[in-house]
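Contents: one structure, followed by commentary.
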Amino acid sequence: KNQVEQSPQSLIILEGKNCTLQCNYTVSPFSNLRWYKQDTGRGPVSLTIMTFSENTKSNGRYTATLDADTKQSSLHITASQLSDSASYICVVSHRAGGSYIPTFGRGTSLIVHP
Amino acid sequence: DSGVTQTPKHLITATGQRVTLRCSPRSGDLSVYWYQQSLDQGLQFLIQYYNGEERAKGNILERFSAQQFPDLHSELNLSSLELGDSALYFCASSVGGGANQPQHFGDGTRLSIL
């Protein structure tokens with residue numbers, strides 16, 4: 001069964017600190033892995049998209065890594081800001097015939113305190 | 001602002017009823033995706049259309065149907081509504097229909113079934 005597990009469920013950090021969120025998946029055959037940021041009451045916003053051959057992708061203070069062998073990904077946030085408080089969702093897509101089907105993790109809720 | 005417009009923002013109705021949710025994609029985007037986000041299930045992929053044709057199907061119930069019109073807007077029809085259909089319904093759009101296309105999400109329609 002295709003599954004995406006994220007940890008921790010929630011995280012509280014102080015402004016200016018770094019943090020790392022984890023994503024483990026059993027999705028097969030792997031197509032791509034995305035990280036989204038979702039503010040409360042808003043739609044998700046894409047942070048990174050990685051294919052099988054990519055092991056690092058950055059977007060400003062956000063850096064995602066992918067280890068396709070161990071089926072793990074991480075999202076590292078550098079020098080956190082209050083506006084980073086949000087849910088971070090890992091999504092892994094697999095190929096099914098001619099289409100691509102995403103499986104979503106339940107997200108990590110990040111709170112950044114001043 | 002993602003450029004994806006969803007209407008209405010909120011919808012309250014009763015069990016057994018039928019509703020239609022509407023999505024206008026970003027200008028130039030040919031692909032539209034529908035997702036459901038509930039407290040117990042998280043985000044789930046429902047269906048994707050590309051240039052008017054169904055491209056991929058996820059966990060969409062038989063009571064639900066969607067279509068994409070020649071002007072590229074899309075509608076999601078939910079019928080015989082049940083309490084468990086209460087959720088946020090998101091639409092996203094992308095330029096193409098391929099696996100690695102960045103998707104831009106609207107802010108959703110919140111559906112409440114009484």
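Here the structure is a predicted model, which is why all the values come from computation and not from measurement. Sequence lines set the chain letters: A, B, ... in the order given, protein chains first and strands last, and positions in each chain run from 1.
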| field | Under 4.5 Å from any heavy atom of chain A - which part of Leu39(B) | value | backbone

| field | Within one Ile-Leu-Val-Met-Phe-Trp-Tyr cluster: Leu76(B) and Leu88(B), side-chain cutoff 4.5 Å | value | no

| note | Filtered by a 4.5 Å non-hydrogen cutoff, the part of residues 35-51 of chain A contacting chain B is Tyr36(A), Gln38(A), Gly41(A), Arg42(A), Gly43(A), Pro44(A), Ser46(A), Ile49(A), Thr51(A)

| task | Check each atom of Tyr35(B) against the heavy atoms of chain A and say whether the ones under 4.5 Å are side chain, backbone, both or neither. | result | side chain

| message | Please rank Gln41(B), Gln6(B), Gln48(B), His104(B) by heavy-atom pairs under 4.5 Å with chain A and give me the top one. | response | Gln41(B)

| Contact leader toward chain A among Lys57(B), Gln44(B), Gln101(B), where contacts are heavy-atom pairs under 4.5 Å | Gln101(B)

| message | Counting only non-hydrogen atoms closer than 4.5 Å, can you tell me which residues of residues 25-34 of chain A sit against chain B? | response | Ser31(A), Asn32(A), Arg34(A)

| Same cluster or not: are Ile13(A) and Leu21(A) linked, directly or through other Ile, Leu, Val, Met, Phe, Trp or Tyr residues, by side-chain heavy atoms under 4.5 angstrom apart? | yes

| request: Quick one: which of Gly98(B), Gly58(B), Cys91(B), Pro102(B) has the most heavy-atom pairs under 4.5 Å with chain A, could you say? | output: Pro102(B)

| request: Tell me who clusters with Ile12(B), hydrophobic residues only, linked when side chains sit under 4.5 Å apart either directly or through other members. | output: Leu114(B)

| Single-linkage hydrophobic cluster Leu83(B)~Leu21(B), side-chain heavy atoms < 4.5 angstrom | yes

| task | Give the cluster check for Phe52(A) versus Leu75(A): same hydrophobic cluster or not, with ILVMFWY residues linked at side-chain heavy-atom distances below 4.5 Å. | result | yes

Less than 3.5 Å apart, which donor and acceptor atoms pair up between the side chains of residues 89-98 of chain A and the rest of the protein, not counting sequence neighbours?
{"unit_1": "His94(A)", "atom_1": "ND1", "unit_2": "Asn2(A)", "atom_2": "ND2", "d": "3.4"}
{"unit_1": "His94(A)", "atom_1": "ND1", "unit_2": "Ile101(A)", "atom_2": "O", "d": "3.3"}
{"unit_1": "Arg95(A)", "atom_1": "NE", "unit_2": "Gly97(A)", "atom_2": "O", "d": "3.1"}
{"unit_1": "Arg95(A)", "atom_1": "NH1", "unit_2": "Tyr100(A)", "atom_2": "OH", "d": "3.1"}

| task | Please check if Ile60(B) and Val19(B) belong to a single hydrophobic cluster, counting links between Ile, Leu, Val, Met, Phe, Trp and Tyr side chain heavy atoms closer than 4.5 Å. | result | yes

| Considering all heavy atoms, the nearest Phe45(B)-Phe104(A) contact | N-CE1, 4.2 Å

